Amino acid sequence: MSSLNFDPLQLSIIVSALLVLVTGIYCLIYSRNIIRMIIAIEVMMKAVTLLLAFSGWLMGRIDLVQSFIITMIVIEVVVAVVAAGIALSVYRHNDTLDIDQLDELKG
Amino acid sequence: MDNLLLIITGSWIALPLLVILICNLLDKKTGKSWALPAAIVVSIGQMITTGLGLLQLGLTKSGFINFTIFWNVNDFEEIARSAWASAFFSVDTLSLVVMFAIGMVSLISVLTAKKMNPDKALNFTNLLMVLIMGMNGLAMVADLFSLYVFLEITGVASFILIALYKDKKGLEGSFKYLIMSAMASAMILAGIAIMNAVTGGVTFSHISGLFASGSSLHTFHAISLVLLVAGIAIKAGLAPFHGWLPDAYESAPASVSVLLGGIVTKMAGVYAILRLAQDVFINAKGFNYSLLLLATVSIVYGAVAALKQKDFKRILAYSSISQIGYIVLGAVCGSPLGFIGAMLHFFNHATFKSTLFVNSAALESQVKTRNIEEMGGLAKQMPLTGTSSVLALLSTAGIPPLAGFWSKLLIIIAVWQTGHSLIAGIAVFASVFTLAYFLMIQRKVFYGPAEEKFAGVREVKGGLAVSQVMLSVITVVMGIIFPLVLLFFQTRGMI
């Protein structure tokens, strides 16, 4: 069981990780290009990786968290590849990566 | 007997993988012709093995089975206690009931696919197997990180399935689902990381022990809970986070819509809520109250929004949002009765919603449109589709003696008993809306004045007809024997 009173270094790691997460979400919401959105997802996942590594350091079980992070990286790559494949097919249909062109489904 | 059970439990993960290997190692032509039959065998096999598993649980009266895959661990208790352990599975009544539903909906989906996509059979089967494996794993997880891993496996397989034909609509629906789902995963994982940091472990038993001890919540506990609830609510499609759900359902091919609407999004979101509400956050008030609020909003919003839709599948999608609300309501209201109601409503929802999606596939293949304004008077030409959709809609709206009535009744009684009488009233009132939009479908599609141009329309045959009959029989029989099922579960100590 870890102590819940973080020292300034630990607190700064948590806060910066959450800031990167928020940056990723902001980028995801406000970009209008599919590739930019995929990059935003990657930024979010980097923040989460930092948080996971930090949590392992805090509880003194880096070995467990290493296995978590490697599993997570594999999954992240799969999601990125699928997203890129969809982006490619969208480009072939629309000749543009603009997200505003994806507007057929409404209601 | 224990060894037999371990083989059965192993087969839930191993069998789909085996089918992928066999179908892809053969040459392409043989692989294509064997793919759909192999998928049927896997789904029927899963229904049989989960039935056997339920019987075994009932006979031993133990309530759950713990096991590992690929390696052996002797002392499960010790693993559960040591906070860093991971990757072991646990099966209880809830998992077996939802796994039976997974087998059933997969079977229906394959029967639908037989008619709809002849050249994509191999791709479809491969992805379906990955999906079944992911959902089975999800049903058996015992720690938060494995939950995330199987959520992603399920998610990735369904993104590709939605865009199976690479048409414009499919790609759009799939991309919207992918973006929302990736955001949800990042939130869930951040929540898991913070939970890991402040509680020192990710297994369900470890975290629930800390919450049960009644120590006051730290700020970071609260942040972690908020992230987890928001992430899972996106995956489930609860009301303020539902944006992707109707688009994904509408754009997917017919057989994939059956899967998505019947089981996939329910497993990814609602099952995660059921599992966490039962095993982990049973004493976390913030988790329960926030989900109670989201569920009530979903029930009302889904029912009202369905009234304005024109597309058959979109109406079903909004109806799903509403029904998801009922399941979550039962799960988080905090009484065991509500939880049983939620579990059985999960199963009933899989039955009647897949019936309705099969009806939509039947209409699409015969009438070539899904716009309900263009149809009319089809009940004469398509008696089977008409009758099965009437049964499914009455079950959805909760009319006795069909299956949906009992589970909804249990949920509403439980919500009333736990003191949320206002929410129970809203839930009953929203049922009336459910009946309203389904009567609207019936009047516009199957009854009302017959259109000249549909004179040549014939009833569907083959897989679609078989699945409609099968699901209608299950709906009616479940409704009649429902009290007996409850009695069996209760006397055997399974719930």
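Convention: sequence-line order gives letters A, B, ...; per-chain numbering from 1. These figures come from a predicted structure and were not determined experimentally.
- Separating the CE atom in A:Met45 from the OG atom in B:Ser185 is a distance of 6.0 Å, to the nearest 0.5 Å.
- In this structure, the portion of B:Glu250 lying under 4.5 Å from any heavy atom of chain A is its side chain and not its backbone.
- Across every non-hydrogen atom of A:Met59 and B:Gly201, the tightest pair is CE-N, 4.3 Å.
- There is no contact between B:Asp311 and chain A, counting heavy-atom distances below 4.5 Å.
- Here the straight-line distance linking atom CD1 of A:Ile86 with atom NZ of B:Lys176 works out to 13.0 Å at 0.5 Å rounding.
- The distance from the CD1 atom of B:Ile179 to the CD1 atom of A:Ile29 is 11.0 Å, given to the nearest 0.5 Å.
- Counting heavy-atom pairs closer than 4.5 Å to chain B, the top residue among A:Ile34, A:Leu21, A:Val79 is A:Ile34.
- Only the side chain of A:Ile75 has a heavy atom closer than 4.5 Å to any heavy atom of chain B.
- Taking both residues in full, the closest heavy atoms of B:Ala186 and A:Met44 are given as CB-CE, 3.4 Å, listed atom of the first, atom of the second, then distance.
- Residue A:Leu50 does not touch chain B at all, counting heavy-atom pairs closer than 4.5 Å.
- Here the shortest heavy-atom pairing between B:Phe145 and A:Phe68 reads CZ-O, 3.2 Å.
- Counting heavy-atom pairs closer than 4.5 Å to chain A, the top residue among B:Ala182, B:Gly170, B:Ala193 is B:Ala193.
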B:Tyr148/A:Thr71 under side chain to side chain contact (heavy atoms under 4.5 Å, CB included): CA gap, chis, key distance, verdict
CA-CA 10 Å; B:Tyr148 158 77; A:Thr71 317; over 6 Å; no
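- In this structure, the separation between OG on A:Ser55 and CZ on B:Phe220 is 12.5 Å, given to the nearest 0.5 Å.
- Distance alone, capped at 3.5 Å, places no donor-acceptor pair between the A:His93 side chain and the B:Lys169 backbone.
- Looking at B:Lys310, there are no atoms closer than 4.5 Å to chain A (heavy atoms on both sides), in backbone or side chain.
- Most heavy-atom pairs under 4.5 Å with chain B: of the set A:Leu28, A:Val78, A:Val90, A:Val65, this distinction falls to A:Leu28.
- Within a 6.0 Å sphere centred on NZ of A:Lys46, other residues, nucleotides and ligands contribute more than 12 heavy atoms.
- Each of B:Ile192, B:Ile188, B:Leu189 was evaluated against A:Val48; a single residue qualifies, B:Leu189, per the side-chain contact (heavy atoms from CB on, under 4.5 Å) test.
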Check step by step if side chain to side chain contact (heavy atoms under 4.5 Å, CB included) holds for B:Asn196 and A:Arg61.
CA-CA 10 Å; B:Asn196 193 11; A:Arg61 293 232 55 112; over 6 Å; no
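- By number of non-hydrogen pairs under 4.5 angstrom with chain A, the leading residue of B:Thr219, B:Ile153, B:Val149 is B:Val149.
- If you take CD1 on A:Ile14 and CD1 on B:Ile223, they are separated by 7.5 Å, rounding to the nearest 0.5 Å.
- With a 6.0 Å radius and a threshold of 12 heavy atoms from other residues, nucleotides or ligands, A:Arg36 has its CZ atom at or below the threshold.
- Residue B:Met195: no heavy atom, backbone or side chain, is found under 4.5 Å from chain A.
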